[in-house]
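We name chains A, B, ... by the order of the sequence lines, and we start the count at 1 in each one.
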Amino acid sequence: MGVFGLSDVYEKISELARRRGFFWPSYEIYGGVAGFYDYGPYGVLLKNRIVEKWRDFFVRRHQDYVVEIETPIVAPSIVFEASGHVEHFTDPIVSCLKCGRRFRADHLVEEALGVSVEGLSLEDLGKIIRDNNVRCPFDGGELGDVKVFNLLFKTQIGPYEGDVGYLRPELAQGMFVAFKRVLESMRSRLPIGIAQIGRVGRNEISPRQAMVRLREFTIMEMEYFIDAEDPQGNCPFFDEMAGKRLRIQSYTMRVKGGEPQWFTLEEAVESKIIVDKCLGYWMAIGQEFMESIGVPAEHMFFMEKGPHERAHYSSQTFDQVVKVSRWGLIEVAGHSYRGSYDMMRHAAYSKADLTVFKPYKEPILVKKKRVIVDKSVIGRLFRDKAGEVLEALQAARPEDIEGYLTGGGHTIKVGGFEVPRDAVKIIEVEEKEWGRKILPNVVEPSFGVDRVVYVAFEYAYREREGRVVLAFPRDIAPVQAAVFPLVENDESLIAEARSLYKTLVREGFQVIYDDTGSIGRRYARADEIGVPAAFTVDYQTLEDKTVTMRDRDTWRQVRLPADNVVEALRKFLKGEPLDSLGTPFK
RNA sequence: GCGGCGGUAGUCUAGCCUGGACUAGGACGCCGGCCUGCCAAGCCGGAGGUCCCGGGUUCAAAUCCCGGCCGCCGCACCA
């Protein structure tokens, strides 16, 4: 028995996944490497459908605001210096000089001395270790310098060792760095969502839990760029989801030991449990997405992270967690309010102007003070320094300069120069302002594909009369239909079945054709990879061109004309009940 | 990274303690043939094994010992 009263199906799932070609640990013939997984033929089909569904929920349905891009997985080091990952995406470690074992430096100190060392620099940690003679807990050996272990995979771009590159640990930086160009190509309007689906790498110290914690994995992520000062305009679709019910456990609820509670999206936003409308909106979409993958709403909730649990960039983060039988709660998505941290950093590091011009409806008149300088005086007085002086005067705030003028002094001190007051005057002008420049804030829903695949698999797993059925929601099933002749040794049945199979393939369906073994065995095989519908060509087909259609989940059948199969399958995959598609059979 | 347990055809497993007749046995699955008028039926035939890897002990190692890799569990870690 697993947790939450769910029976632990992990072993059965991994066995089935390997045997039927969904997923398995990579590099098996070389003994395997922890943290890497292969997708097999049906796994790829399943994953692709899940990815396509995410794209539908987050991108296609919001296509007037959300676009998808693709950026490289390797970035020059400056990108992750700007993002803070080079500095923060690390653990401090020390090595024992005698046995070579490695330890978390902060934990060792906290354990040995019973003091909190949170936020201390590497040097400070090293000093504490030396001053207190902290030793290796195994053989008492002396400890070396405190170093950082960075979870970024490091590489080199081109032939020169100085050109450090990193494998991205998240997709977000790709969107931030490309933001200006994307915004421009989408006619420079906010809000805008930029989505991306792609691989990332994190050099985890000890990955575990199969597909749940990998060193290389796929993320589906969106950065939704908004104007923090225009809360009304940011989320034009909010009302459509306002009544959606979400289960939320705020940080304060959690530290008090409280259970997650149900809120409508509107309630959660109005009571400030979710700090931002857009953050809440995408959480609601995220919940609908996971429900469509097969997870009932009562099996997931949003868990708010506390101040010390959040990433360095975030002011509010919710983990979208789903119950699984083996490991309890696993995080399938993180929903973060990232503020303008990243955009600020990239603007500073790249010197690019990453602001967005937001026009007002009507231009407004503003009174501004302007510094007027008598350049001939400055030129004569400062000669070759005149340029610098002028620059300093322009850079200064007019109010400050006015302060000197009204203060009655004889000179104005600016940029290390003293400028005679007569050379400068302040005038007031009226200007039309057509808009303002803002640095956008960012809301980010980010899903781990591989975890979603695992969750879909676990929630689809059923046992029925000693047989295994993968009851995927019909529209994510890796294979959509099966076609069988009733028996395997009748050429005319086989010919009809092959022809039906070809029709379905031509119509774009993923179909398996199978004519070996008994019909029951073939149904069982199809159930085991989760094929929602099976069509069987029997002797009556030869008379009246009808076939039977079988539902994976009920094992019931209807009979319908072979010519209607394409349309019936299309409807069935969209959720229509079997009974509406034909007349009952047997 | 630490500790415990484990690793044998595609899958599940017997054998390991007590080394040799193991040319590694079985079941399911898979492939071919026969049969089969709707839910893993039957019969015949077949393919499939680096016994996790490396080293050691021994006349002899799937079996004992050491190291490593991988997995599961617990601790730690998971910006």
Would you give a per-nucleotide map of nucleotides 28-34 of chain B, 5' to 3', where B means the base has a protein non-hydrogen atom under 4.0 Å away, S means only the sugar-phosphate does, and - means neither? -SS----
Contact class for A/Phe484 (heavy atom, under 4.0 Å): base, sugar-phosphate, or nothing? nothing
Dump every N/O contact between nucleotides 48-56 of chain B and the protein below 3.5 Å, one line per pair.
{"unit_1": "B/rU50", "atom_1": "O4", "unit_2": "A/Ile29", "atom_2": "O", "d": "3.1"}

Parallel, tilted or perpendicular: which describes the rings of A/Phe23 and A/Tyr37, with under 30° parallel and over 60° perpendicular? tilted
Sugar-phosphate only, base, or nothing, as touched by A/Glu11 at under 4.0 Å among non-hydrogen atoms: nothing
Classify A/Ser14 by what it touches in the nucleic acid, base, sugar-phosphate, or nothing, heavy-atom distance under 4.0 Å. nothing
Determine all donor-acceptor pairs shorter than 3.5 Å in which one atom belongs to a side chain in residues 441-457 of chain A; sequence neighbours excluded.
{"unit_1": "A/Asn441", "atom_1": "ND2", "unit_2": "A/Tyr337", "atom_2": "OH", "d": "2.8"}
{"unit_1": "A/Glu444", "atom_1": "OE1", "unit_2": "A/Arg338", "atom_2": "NH1", "d": "2.5"}
{"unit_1": "A/Ser446", "atom_1": "OG", "unit_2": "A/Glu221", "atom_2": "OE1", "d": "2.8"}
{"unit_1": "A/Asp450", "atom_1": "OD1", "unit_2": "A/Tyr39", "atom_2": "OH", "d": "2.7"}
{"unit_1": "A/Asp450", "atom_1": "OD2", "unit_2": "A/Thr218", "atom_2": "N", "d": "3.0"}
{"unit_1": "A/Arg451", "atom_1": "NE", "unit_2": "A/Val212", "atom_2": "O", "d": "2.6"}
{"unit_1": "A/Arg451", "atom_1": "NH1", "unit_2": "A/Glu331", "atom_2": "O", "d": "2.7"}
{"unit_1": "A/Arg451", "atom_1": "NH2", "unit_2": "A/Val212", "atom_2": "O", "d": "2.8"}
{"unit_1": "A/Tyr454", "atom_1": "OH", "unit_2": "A/Glu458", "atom_2": "OE1", "d": "3.1"}

Could you tell me whether A/Trp327 contacts a base, only the sugar-phosphate backbone, or nothing, with contacts defined as non-hydrogen atoms closer than 4.0 Å? sugar-phosphate
Just checking A/Arg522: base, sugar-phosphate only, or nothing, at a heavy-atom cut-off of under 4.0 Å? nothing
Work out how far the P atom of B/rA14 is from that of B/rG26, and round it to whole angstrom. 15 Å
Quick note, A/Ala34 side chain, CB onward, closest among B/rC70, B/rC72, B/rA40 is B/rC70
How far, in whole Å, is B/rU57 from B/rC66 if one measures between their P atoms? 15 Å
Each nucleotide N or O in nucleotides 65-68 of chain B that has a protein N or O under 3.5 Å away: list the pair and distance.
none

Closer than 4.0 angstrom, basic N to acidic O: yes or no for A/Asp563 and A/Lys545? no
How about A/Glu576: does its CD atom have over 12 heavy atoms from other parts shown lying under 6.0 Å from it? yes
Can you check whether any acceptor in the base of B/rC38 is under 3.5 Å from a donor in the side chain of A/Tyr523, or vice versa? yes
Using purine N1 to pyrimidine N3 plus N6-O4 or O6-N4 for Watson-Crick, or N1-O2 and O6-N3 for G-U wobble, both under 3.5 Å, which nucleotide pairs with B/rG6? B/rC70
Test of understanding: with ring pair (Phe, Tyr, Trp, His ring centres under 6.0 Å), list the residues that count as partners of A/Trp24, not counting sequence neighbours. none
B/rU36 pairs with, by Watson-Crick or G-U criteria that keep both distances under 3.5 Å: none
Would you confirm whether A/Asp551, through its side chain, and A/Asp553, through its main-chain N or O, come within 3.5 Å as a donor-acceptor pair? yes
Salt bridge flag under 4.0 Å for residues A/Arg559 and A/Asp538: yes
Using 30° and 60° as the class boundaries, would you call the ring planes of A/Phe179 and A/Phe225 parallel, tilted or perpendicular? tilted
Given B/rC12, B/rG71, B/rC38, identify the nucleotide with an atom nearest to the side chain of A/Tyr10. B/rG71
Contact list for RNA chain B against residues 529-547 of chain A - heavy-atom distance below 4.0 Å: A/Thr536, A/Asp538, A/Tyr539
Of the options B/rG71, B/rA40, B/rC39, whose atoms approach the side-chain atoms of A/Arg550 most closely? B/rC39
